[in-house]
Each structure stands twice: as C-alpha cells, then as structure tokens.
Amino acid sequence: MDHHYDPQQTNDYMQPEEDWDRDLLLDPAWEKQQRKTFTAWCNSHLRKAGTQIENIEEDFRDGLKLMLLLEVISGERLAKPERGKMRVHKISNVNKALDFIASKGVKLVSIGAEEIVDGNVKMTLGMIWTIILRFAIQDISVEETSAKEGLLLWCQRKTAPYKNVNIQNFHISWKDGLGFCALIHRHRPELIDYGKLRKDDPLTNLNTAFDVAEKYLDIPKMLDAEDIVGTARPDEKAIMTYVSSFYHAFSGAQKAETAANRICKVLAVNQENEQLMEDYEKLASDLLEWIRRTIPWLENRAPENTMQAMQQKLEDFRDYRRLHKPPKVQEKCQLEINFNTLQTKLRLSNRPAFMPSEGKMVSDINNAWGGLEQAEKGYEEWLLNEIRRLERLDHLAEKFRQKASIHESWTDGKEAMLQQKDYETATLSEIKALLKKHEAFESDLAAHQDRVEQIAAIAQELNELDYYDSPSVNARCQKICDQWDNLGALTQKRREALERTEKLLETIDQLYLEYAKRAAPFNNWMEGAMEDLQDTFIVHTIEEIQGLTTAHEQFKATLPDADKERQAILGIHNEVSKIVQTYHVNMAGTNPYTTITPQEINGKWEHVRQLVPRRDQALMEEHARQQQNERLRKQFGAQANVIGPWIQTKMEEIGRISIEMHGTLEDQLNHLRQYEKSIVNYKPKIDQLEGDHQQIQEALIFDNKHTNYTMEHIRVGWEQLLTTIARTINEVENQILTRDAKGISQEQMNEFRASFNHFDRDHSGTLGPEEFKACLISLGYDIGNDAQVLNASGEHTQILSYEKITFFFPFLFLFVLMYLSLLFLCLTIYASLFCSTLPLNVPWYLFLLNSVMVCLVGIPFMSLNYSIYFCVT
C-alpha cells in the first residue's frame with residue numbers, strides 16, 4: 001500500500017489528540033473495545049509478516065513487533081532493532097518506532113518510550129490509535145475534507161438510500177448495526193438481504209455484518225456486538241478503525257468495476273477514429289499546399305520608388321489579411337481540433353497514438369504556419385518601413401530646408417557684430433552693458449546649438465535613408481557647421497576682449513574711486529589750511545599768541561605727512577595714466593567720482609607752502625606786540641596795586657578821624673588840613689598812572705590780569721578821597737561855628753560823641769531806632785513811660801503822648817533828616833565807586849536839607865541840630 005502523507009491533513013485531524021492526558025483513566029467499556037479493535041487491526045497487518053499479538057500492552061513492550069508493524073503498513077524499512085533483553089534495548093527499539101512515526105509528520109503528545117516499555121495501557125492504545133490515524137484513516141479524502149470528515153461523508157453518501165440509517169457520527173449512529181449492513185449491501189448486495197433486517201434487533205444486525213465482512217470481505221472481526229449494544233456510547237476510535245477497513249475494502253472493488261466499463265466503449269469508437277484520420281490527412285495536405293504558394297509572395301521585397309506603388313502593395317496585403325487568410329486560419333484550427341480529438345479518443349481507448357504521414361504532423365503544420373506568419377510579419381514591417389521611409393524622406397527634406405533657412409537668417413550679420421571693437425571707447429558701465437548683451441547673445445547662441453545639431457542629424461538621416469538630393473543637403477549642412485564654428489570662435493574672442501577691457505576699466509575705476517576718496521579730504525584739508533593760514537587773528541594776551549604759535553608749529557609738523565599723502569594721490573593718478581598708456585585704453589572722460597584734478601592739488605599745495613612763512617612772520621610780529629602789551633600791563637598793574645590800596649587806606653583813616661575826633665575841634669581841624677596836604681602831594685603819582693593808562697588804551701588793551709583796579713576805579717576813589725577830606729574839614733568848621741554860637745562846652749561835645757560811639761556797635765556811623773532811644777536815655781532823657789507798638793511787618797513805631805511828642809518832635813525830626821542825608825551820601829559813594837559815574841555833591845544836598853529843616857523848626861533848634869548831626873556822622 002502506497003501511503004501519501006499530507007502534513008497539514010495530519011495536523012488538522014490530530015489536533016484533538018494533542019490534549020492527551022496521561023493521568024486520565026479510560027472508560028472501562030471503551031478500553032475493552034479499543035483493546036479488541038486495535039489488537040484485531042494490528043493482527044490483520046502482522047499476519048502478512050507471519051506473526052500476531054495476543055496482549056497489546058505486553059507484546060509491544062520490547063519494540064520488536066511495533067517496528068515490524070510499522071514496516072508492514074508503511075512498506076519501508078526501519079533501523080535495525082536491538083536484540084537485547086535489557087530495558088535499555090527495549091527503550092531504544094520503541095524510540096526508533098516513535099522516531100519513525102514522528103518522521104511522518106505525526107506529533108506524539110505525552111507518549112514516551114518508557115511508558116510503552118512499562119506496559120502503560122493508556123499510552124500504548126494512544127500510540128496504536130496514532131498509527132491507525134496516520135496509515136489507515138489519513139489517506140481518506142472526500143471532496144477535499146479531512147480524514148475523519150471524509151470517512152464520515154463517505155459513509156453518509158453510501159448509506160443515504162437506506163431507510164432507518166442516519167450516520168451522523170462514529171458512535172451511537174452505528175449501535176443498531178444497520179449502518180454496517182447498508183455499507184455491505186451498497187457494494188455487495190448479494191451478500192445481505194437488507195429487507196429482512198429490523199432496527200429493533202441490533203445484535204442480529206451487528207453479528208450479520210461482522211460475519212459477512214470477515215467471511216467475504218477479508219475484514220477481521222474487530223468488535224463484539226454485545227459490547228456495542230451494551231454501551232451507551234460505543235468507542236469512537238474503535239468504530240472509526242473498523243469502518244476504515246470497509247472503506248479500503250470497497251475502494252479497490254470500485255476501481256475494478258470502472259476499468260471493466262471502459263472496455264465496452266472501445267469497439268464503438270474505432271470506426272469513428274478511422275474517419276478522423278482520413279479527414280486529417282486531406283486537410284493537412286491542402287493547408288500545406290496553400291502555405292507553400294503564399295510564402296514566396298510575402299518574401300518579395302522589391303522596393304518601389306513612388307508612394308503610390310507602395311500604397312498599392314499595402315492594399316494587396318490588406319486584402320490577403322481580410323479575405324484569403326481567415327479561411328485558412330479556420331482550417332488550421334479545425335485540423336488541430338480534429339487531431340486532438342482523435343488523439344484523445346485513442347488515448348482513452350488505450351490505442352496507439354495517431355501518426356500522420358511524413359511532413360503532415362501538427363508540428364510540421366505549425367512550423368509551416370509559423371514560417372508563413374514570420375514572412376507575413378516581415379512583409380508587413382517592410383511595407384510599413386518603406387512607406388515610413390518615403391514619408392520621412394519628404395518630411396526630413398522639408399524640415400532640413402526650413403531649419404537651414406531659419407538658421408541662416410539668424411546668423412546673418414552675427415559675424416560682423418562679433419568683430420566690432422566698440423568696447424575700445426566704452427566706459428565701464430557701457431562695458432558691463434556690452435557684457436550683459438554678449439551674455440544674452442551667448443545664451444541665444446547656446447539655444448541655437450540644438451538647431452544646428454538637428455540640422456546635422458537631419459542631414460545624416462537623409463544620407464542613411466538614401467535621399468536622392470543628399471549632395472546638396474551635405475554641402476549646405478557643411479557650410480552651416482563651418483559658419484557655426486566660426487561664430488563660436490568669434491564669440492569666445494569677443495568675450496575675452498570684453499572681460500579684459502572690463503577688468504582694466506574696473507581697475508581704473510577702483511583707482512579713480514581711491515583717488516576721489518583720498519583727494520577729497522586732502523583737498524578739504526588744504527582749503528582749511530589756507531583759510532587758517534590767511535585768517536586774521538586777534539589776541540589780547542601773550543598766552544593766546546603762544547597758543548597760536550604752538551598750533552602753527554604742530555601744523556607745520558604735519559606737512560611732511562601731508563606731502564606724502566599728496567604724492568600718494570598723485571601716484572594713483574599716475575598709475576591710471578600708466579595703465580592707459582600700456583594697454584592703449586581710450587578713456588572717454590575724466591574721473592567720474594571727483595572734479596579735483598592733480599593740477600588743482602599741486603596748485604593748492606604750493607599756495608599752502610607759500611602761506612606758511614607768511615604766517616610765521618605774522619605770528620612773530622604779533623608775539624612782539626603782545627610782549628610790549630604785557631610790559632604795559634605789568635607797569636600799570638604795579639602802580640595801580642599801590643595807589644588803589646593807598647586810596648582805600650586813606651578813606652578808612654578819614655572815617656576813623658571823623659568818628660574818633662580826639663582833642664579840641666581846632667586841633668582836629670589842623671590835623672585834617674595837614675592830612676589834606678599829604679593827599680594833594682600824592683597827585684603826581686595819579687598823573688603818572690593816567691599816562692600809563694593812556695598808553696594801554698592806545699595799544700587797545702582791554703584787560704589786565706596783573707591788577708583788579710581800573711583807571712576809572714582809581715579816578716573815582718581819588719575824587720571821593722578829596723571830597724571826603726574836604727567835607728570832613730567843612731564839618732569841623734561848622735561844628736566850631738555851632739559851638740561858639742550856642743555855648744556848648746568841649747566836655748558836652750565829648751559826651752555826645754562818646755555816647756554815640758558807644759551805641760554805634762557796628763561802627764556804621766548811624767544809629768537804629770533802638771540804638772537812638774538808648775543813646776537819648778544815656779544823655780538824660782527819660783522816655784521809659786512811653787508806649788511802644790510793633791506793627792505786623794516788624795517795623796518799630798513809637799507812640800508818644802501829645803506832650804512828649806511836642807517836646808521831642810524837633811529832635812526826632814532833625815534825627816530823621818540827618819538819617820536821610822546819610823543814606824543819600826552812601827548811595828552817592830556807591831554810585832561813584834561801582835557805576836563809573838561822577839559823585840554827587842553830597843554836602844550841598846545835605847546842607848540844602850538842613851536849610852529846609854531850619855526853616856521849618858526855627859532858629860532856636862539849629863544849635864542842637866548841628867550838634868546831633870556831627871555826633872552821628
């Protein structure tokens with residue numbers, strides 16, 4: 001038996017067996033059924049080797065009969081078994097058997113050699129069931145189902161016509177025995193009288209089926225009817241094993257029946273086959289003859305010179321395709337159909353294949369037909385190529401003429417344009433514009449490169465296609481190519497000339513720019529220097545002229561560097577001239593960045609050089625003049641610094657004399673007249689100072705740092721000194737007259753003066769209201785009961801009674817007049833000293849006020865008035 005193994009099929013069916021539990025105990029009834037069934041199945045195969053087993057778990061323990069069983073059912077040789085009796089030898093044999101089973105793609109779950117050697121019933125039965133599945137059930141396949149499903153489907157189909165038979169599984173569906181009887185009756189109806197069987201007599205049904213199968217079908221009795229009937233659910237594995245034996249027994253018989261039926265049809269088709277052979281021979285001869293006549297016509301490649309002739313050939317070829325070839329295609333197709341049909345019938349009838357006459361085989365016809373189609377294809381390609389060639393020749397010739405005309409029109413005048421030397425007189429901006437224009441031309445030239453290449457390619461193609469006017473085409477193409485090469489050379493030459501000129505002009509432009517950048521500030525410096533050197537200066541001090549001299553010396557120190565800068569600027573201009581002369585550059589204009597020329601720079605430089613010594617002379621002369629002025633300042637300052645303090649000292653001494661007044665009035669008068677004489681004797685020094693002042697004014701000297709005194713100050717001070725000494729002498733003389741008229745003694749006068757000096761604490765020569773009040777009290781006037789009121793502004797207002805006002809009014813009025821007189825006197829002195837104005841005749845004003853006062857109060861009070869006046873002043 002040839003076992004075909006499908007691993008996928010095995011895996012699908014064996015999937016439920018993977019959950020074999022070595023600890024699960026079999027149902028005793030199932031175990032009994034499996035023992036008997038599996039033992040009978042093993043013996044049915046072991047008998048072929050002349051042996052059998054009695055006890056399934058004991059006889060397989062050494063592995064020898066297990067290996068023999070596998071060799072019988074597989075038809076293959078296993079490894080040589082171990083003949084020893086030891087446990088290790090037994091385990092080795094069982095492992096060899098298990099390895100062989102595993103090599104067939106069977107997955108043994110929880111089954112080990114040790115369990116088999118130890119006589120484990122469950123493991124041994126599981127192993128035998130696995131062998132049965134692999135070698136007896138796995139090959140069963142109905143409509144591509146798995147082994148179990150296929151066996152079940154086979155049983156269902158075979159028992160479908162029988163009543164009371166409904167096979168749905170491999171256990172309870174077989175308990176009544178009708179299923180087994182139906183299988184036997186379906187294949188061997190003469191063995192069982194199925195109509196006499198009853199569903200309610202399962203033991204008779206089962207025993208009948210088992211006996212008939214063992215006797216007539218060579219299927220050993222693997223089941224006991226009593227076991228099946230007495231079990232609620234027969235063992236599925238036992239039923240499947242027994243049913244598979246029926247399947248294998250009946251499948252061989254069915255094949256023999258089919259072979260017998262085929263023989264009945266052989267004689268019926270022999271005559272038909274002979275007719276088909278005759279028809280084939282005639283069709284083959286006619287078709288081959290037509291092919292032999294047609295191929296020479298298709299192989300005719302005689303070219304035509306006109307498009308019309310080629311079009312006619314193409315039309316004839318199309319008629320062949322439409323009218324002549326299709327019937328022959330049908331004949332060839334029918335011939336192949338007849339041949340194939342004949343061969344099929346002969347093969348089905350087990351007759352020798354039909355061999356046509358020599359040269360008329362289908363392959364011969366196919367080869368001839370292939371040659372026809374090859375010739376046909378070649379003829380068609382030749383026709384189309386010829387037509388395309390003629391069309392392309394006309395098209396290419398016209399295209400060549402058009403492109404050549406366009407190109408020649410474009411190149412007209414280009415050579416003359418490229419040979420122009422307009423760049424020799426162009427400016428830098430114009431050169432850049434010419435370069436841009438040239439770049440645009442180069443781009444245009446590059447774009448026309450494709451046209452030239454196309455023209456050359458068209459000419460080449462015309463030559464390859466044997467165009468009749470190829471010589472003229474080649475001549476025109478050669479002329480275009482030569483002109484194109486010349487244009488390329490001229491273009492490169494002009495670009496080099498433009499770039500060279502641009503580089504020179506850029507260099508000159510950079511030099512021009514550098515010249516302008518350096519010439520402009522240098523020119524401004526020279527113009528500023530000329531302005532400074534020609535500028536008239538006005539100085540008043542020796543320091544100022546020394547500062548100008550220092551600055552001028554610093555300026556002269558920069559002249560060497562300035563001369564270097566001038567030479568550098570002129571060097572830039574000379575470099576431009578050198579480039580122009582060396583490369584014969586035709587300069588179109590002057591420096592665009594500046595209007596300053598080298599001639600202007602040299603002219604201004606020479607002017608600066610001429611102005612420098614003039615400036616030196618002017619500074620020297622001014623320096624000498626300022627030295628003279630400084631000498632006059634020092635001379636005036638030395639005298640003024642002596643005379644000024646002297647006048648101030650004399651004024652202070654006169655003030656002290658007028659206040660202190662020691663001795664009698666006559667003594668004081670004599671002392672003052674001698675003082676006046678010494679002051680008058682100082683007049684020559686004042687006159688000398690006036691002379692020095694006149695020289696200063698003539699020299700236009702307006703300030704003098706050597707003294708703080710001006711001539712106006714000296715004059716005012718001198719006049720005030722003379723006025724003060726005269727006024728003081730006049731006052732003493734008036735006091736003498738008053739004393740003599742009123743009879744005031746010298747002691748009274750001294751008392752008045754002492755009291756006044758005592759209360760004149762600030763030595764200002766005047767008394768305030770409070771000081772005057774205190775002075776009156778000290779002289780004996782009691783004014784303690786008088787009321788005094790202070791107003792809100794802080795000024796003191798004395799309120800006296802009517803009697804006291806009447807008594808003191810003359811004195812108070814005279815005091816106020818005296819106070820105002822002194823105020824006018826102070827204002828006059830201040831104006832004469834600080835306002836450069838002539839002093840007022842203070843005594844005249846004072847005596848005028850006194851005269852008014854005398855007129856108002858009367859002659860009786862004159863004596864007291866003058867006494868108080870002299871005391872205060």
Side-chain angles (χ1 to χ4, degrees), residues 1-5 31-85 89-104 106 108 111 113 115-140 147 151 210-211 213-224 227 235 237-252:
M1 181 183 295
D2 186 11
H3 295 273
H4 300 282
Y5 168 63
E31 181 179 345
K32 179 180 178 182
Q33 292 176 14
Q34 286 185 15
R35 280 174 177 268
K36 184 172 183 179
T37 302
F38 291 173
T39 301
W41 183 85
C42 292
N43 287 333
S44 66
H45 293 286
L46 290 174
R47 289 193 194 100
K48 300 175 182 178
T51 185
Q52 63 179 8
I53 61 172
E54 298 296 336
N55 191 330
I56 193 169
E57 70 269 19
E58 292 293 333
D59 294 342
F60 285 141
R61 289 181 63 181
D62 58 1
L64 295 177
K65 290 186 178 181
L66 179 60
M67 294 177 69
L68 181 61
L69 175 65
L70 291 174
E71 288 181 351
V72 171
I73 62 178
S74 66
E76 300 179 15
R77 295 291 297 176
L78 273 68
K80 184 178 181 180
E82 300 287 343
R83 294 299 178 180
K85 299 297 183 179
H89 299 139
K90 297 178 181 180
I91 291 175
S92 175
N93 292 335
V94 174
N95 274 329
K96 290 177 182 179
L98 295 179
D99 290 342
F100 177 78
I101 296 172
S103 68
K104 297 302 180 179
V106 179
L108 297 172
I111 298 176
E115 285 85 351
I116 304 302
V117 173
D118 293 338
N120 188 312
V121 177
K122 179 182 176 182
M123 294 298 109
T124 303
L125 293 175
M127 178 189 66
I128 298 302
W129 173 242
T130 300
I131 295 172
I132 293 172
L133 285 177
R134 171 61 183 84
F135 295 100
I137 299 178
Q138 179 176 309
D139 294 336
I140 300 174
L151 183 60
F210 295 162
D211 294 339
E214 184 177 16
K215 182 177 180 181
Y216 297 103
L217 301 178
D218 196 24
I219 298 175
K221 187 177 182 181
M222 302 180 186
L223 300 172
D224 287 336
D227 295 337
D235 182 63
K237 297 181 177 63
I239 299 297
M240 283 183 64
T241 303
Y242 189 58
V243 172
S244 65
S245 299
F246 283 89
Y247 174 83
H248 291 295
F250 292 138
S251 61

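This is a predicted model, so every value here is computed, not measured.
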Quiz item: Run the side chain to side chain contact (heavy atoms under 4.5 Å, CB included) check on W129 and R134 step by step: do they pass?
Solution: CA-CA 9 Å; W129 173 242; R134 171 61 183 84; over 6 Å; no

Quiz item: Side chains of H45 and R47: does their closest heavy-atom pair fall under 4.5 Å?
Solution: no

Quiz item: Is the shortest side-chain N to carboxylate O distance from R35 to E31 below 4.0 Å?
Solution: yes

Quiz item: Should the pair K104-E76 be classified as a salt bridge under the 4.0 Å nitrogen-to-oxygen rule?
Solution: yes

For [X] versus [Y], what's the shortest heavy-atom pair and its separation?
X: L98; Y: A113; answer: CD1-N, 3.7 Å
X: C42; Y: I128; answer: SG-CG2, 3.9 Å
X: G84; Y: H89; answer: CA-ND1, 3.1 Å
X: A79; Y: K96; answer: CB-CD, 4.0 Å
X: V94; Y: G63; answer: CG2-CA, 3.9 Å
X: M67; Y: A97; answer: CG-CB, 4.1 Å

I'd like to know if the side chain of [X] and the backbone of [Y] have a donor-acceptor N/O pair within less than 3.5 Å.
X: E214; Y: I219; value: no
X: E57; Y: T124; value: no
X: D62; Y: L64; value: yes
X: N95; Y: I91; value: yes
X: T37; Y: Q34; value: no
X: N120; Y: M123; value: yes

What's the separation between atom [atom1] in [X] and atom [atom2] in [Y], rounded to the nearest 0.5 Å?
X: M127; Y: F38; atom1: CE; atom2: CZ; answer: 11.0 Å
X: L133; Y: I101; atom1: CG; atom2: CD1; answer: 11.0 Å
X: L69; Y: D59; atom1: CG; atom2: CG; answer: 12.0 Å
X: R77; Y: L70; atom1: CZ; atom2: CG; answer: 12.5 Å
X: K65; Y: F60; atom1: NZ; atom2: CZ; answer: 8.0 Å
X: M222; Y: I239; atom1: CE; atom2: CD1; answer: 11.5 Å

Exercise. Check whether more than 12 heavy atoms from other residues, nucleotides or ligands sit under 6.0 Å from atom NZ of K221, and answer yes or no.
Key: yes

Quiz item: ring pair (Phe, Tyr, Trp, His ring centres under 6.0 Å) with F210: which residues, sequence neighbours excluded?
Solution: F180, Y242

Exercise. Evaluate side chain to side chain contact (heavy atoms under 4.5 Å, CB included) for T130 paired with F135, printing each intermediate quantity in order.
Key: CA-CA 9 Å; T130 300; F135 295 100; over 6 Å; no

